[in-house]
Amino acid sequence: RDTLEWELLAGAREGATPVFGVCRGLQILNAFLGGTLWQDLKLMWPGSLLHDLSFPRDALIHTLQVVDPEGELGALLAADASLVNSRHHQAVKVLAPELHAVASAPDGIVEAAVGTVPGWWVWAVQWHPENLMMLAEQRALWERFAREVAARTGAAREPVAR
């Protein structure tokens, strides 16, 4: 899986294809771009928050602290008091040079980042917005990604409302 995802990211970077990394997606992006990971938060950072509540999938278990509200993702996340779900045991340890932190958990774990490579749209989040579609700010993440993909492919159209 790592090899396949690495190749997909290399192709996306080469072709300037938009990428929206979710959970493992943030982790693999970070590693691909030269960052490092905490391999097991409970073992390596015992004081960290609970980051691995699997059920229910839409349980909001911790807040986000927006560390850069100036960019588009930061402004979107800062617009509402963001609570997120969380189900991961790995996390960003050292953020890759080509990623910029936008939000963190109260314990300092990077929760949202954007890419800094010119011409390559990259957003990544550590939580699972696909399980939080009932929240407008979480839906907005997917809608923004869909608009970016549509603009890239020349198929600009509105996302399907659910």
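Transitive grouping of hydrophobic side chains (ILVMFWY, heavy atoms separated by less than 4.5 Å) brings Leu141 and Val102 into a common cluster. Residues Trp38 and Val110 are members of separate hydrophobic clusters, defined by side-chain heavy-atom contacts under 4.5 angstrom among Ile, Leu, Val, Met, Phe, Trp and Tyr. By the rule that hydrophobic residues join a cluster once side-chain heavy atoms approach within less than 4.5 Å of another member, Val84 and Met134 end up as members of one cluster. Both Val122 and Val117 are members of a single hydrophobic cluster when ILVMFWY side chains are connected at heavy-atom separations under 4.5 Å. In the hydrophobic clustering of ILVMFWY residues, with side-chain heavy atoms under 4.5 Å counting as a link, Val125 and Leu95 come out apart.
The minimum heavy-atom distance linking Glu130 with His128 is given by the pair OE2-ND1, 2.7 Å. Leu76 and Ala140 get closest at one heavy-atom pair: CD1-CB, 3.7 Å. Of all non-hydrogen atoms in Pro69 and Ala78, the two that sit nearest each other are CB-CB, 4.3 Å. Taking both residues in full, the closest heavy atoms of Leu77 and Ala112 are given as CD1-CB, 3.9 Å, listed atom of the first, atom of the second, then distance. What you find for His62 and Ala105 is that their closest heavy atoms are CE1-CB, 3.7 Å. The two residues Pro18 and Arg152 have their closest heavy-atom pair at CD-CG, 3.7 Å.
With sequence neighbours excluded, no residue forms a side chain to side chain donor-acceptor pair (under 3.5 Å) with Trp123.
Atom OG of Ser104 is separated from atom CD of Gln126 by 12.0 Å, given to the nearest 0.5 angstrom. Rounding to the nearest 0.5 angstrom, the gap separating the SG atom in Cys23 from the CG atom in Asn85 is 9.0 Å. The CD1 atom of Ile109 sits 11.5 Å away from atom CD of Gln90, with the distance rounded to the nearest 0.5 Å. The structure places CG of Leu64 at 8.0 Å from CG of Leu83, a figure rounded to the nearest 0.5 Å. With values rounded to the nearest 0.5 angstrom, Ser86 atom OG is found 4.5 Å from Ile61 atom CD1. A distance of 6.5 Å separates CZ in Arg87 from OG in Ser54, rounded to the nearest 0.5 Å.
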*Would you please test Val114 and Trp121 for side-chain contact (heavy atoms from CB on, under 4.5 Å) and show each step?*
CA-CA 8 Å; Val114 295; Trp121 189 94; over 6 Å; no
*May I have the step-by-step check of side-chain contact (heavy atoms from CB on, under 4.5 Å) for Asn30 and Val94, ending in yes or no?*
CA-CA 8 Å; Asn30 189 59; Val94 175; over 6 Å; no
*Going through the checks in order, is the side-chain contact (heavy atoms from CB on, under 4.5 Å) test met by Glu137 and Leu132?*
CA-CA 9 Å; Glu137 68 272 13; Leu132 303 174; over 6 Å; no
*Verdict with supporting geometry, Leu29 and Leu9, side-chain contact (heavy atoms from CB on, under 4.5 Å)*: CA-CA 8 Å; Leu29 265 166; Leu9 286 170; 3.7 Å; yes
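Sorted by first and then second residue, the pairs that involve residues 95-120 and meet salt bridge (Lys or Arg N to Asp or Glu O under 4.0 Å), not counting sequence neighbours, are Arg13-Glu98. Sorted by first and then second residue, the salt bridge (Lys or Arg N to Asp or Glu O under 4.0 Å) pairs with a member in residues 19-34 read Asp2-Arg24, Glu5-Arg24; sequence neighbours excluded. Applying the ring-ring contact (aromatic ring centres under 6.0 Å, His included) definition to pairs two or more places apart or across chains, those involving residues 87-108 are His51-His88. Note on residues 63-73: pairs passing salt bridge (Lys or Arg N to Asp or Glu O under 4.0 Å), not counting sequence neighbours, are Glu72-Arg144. Applying the ring-ring contact (aromatic ring centres under 6.0 Å, His included) rule to pairs touching residues 9-36 yields Trp6-Phe32, Phe20-Trp142, Phe20-Phe145, sequence neighbours excluded.
For the pair Arg57 (side chain) and Asn131 (backbone), a donor-acceptor distance under 3.5 Å is absent. In this structure, Thr3 contributes its side chain and Arg1 its backbone to no donor-acceptor pair below 3.5 Å.
At a threshold of 4.5 Å between non-hydrogen side-chain atoms, the residues Thr116 and Leu99 do not count as touching. With a 4.5 Å cut-off on side-chain heavy atoms, Pro129 and Val22 count as touching.
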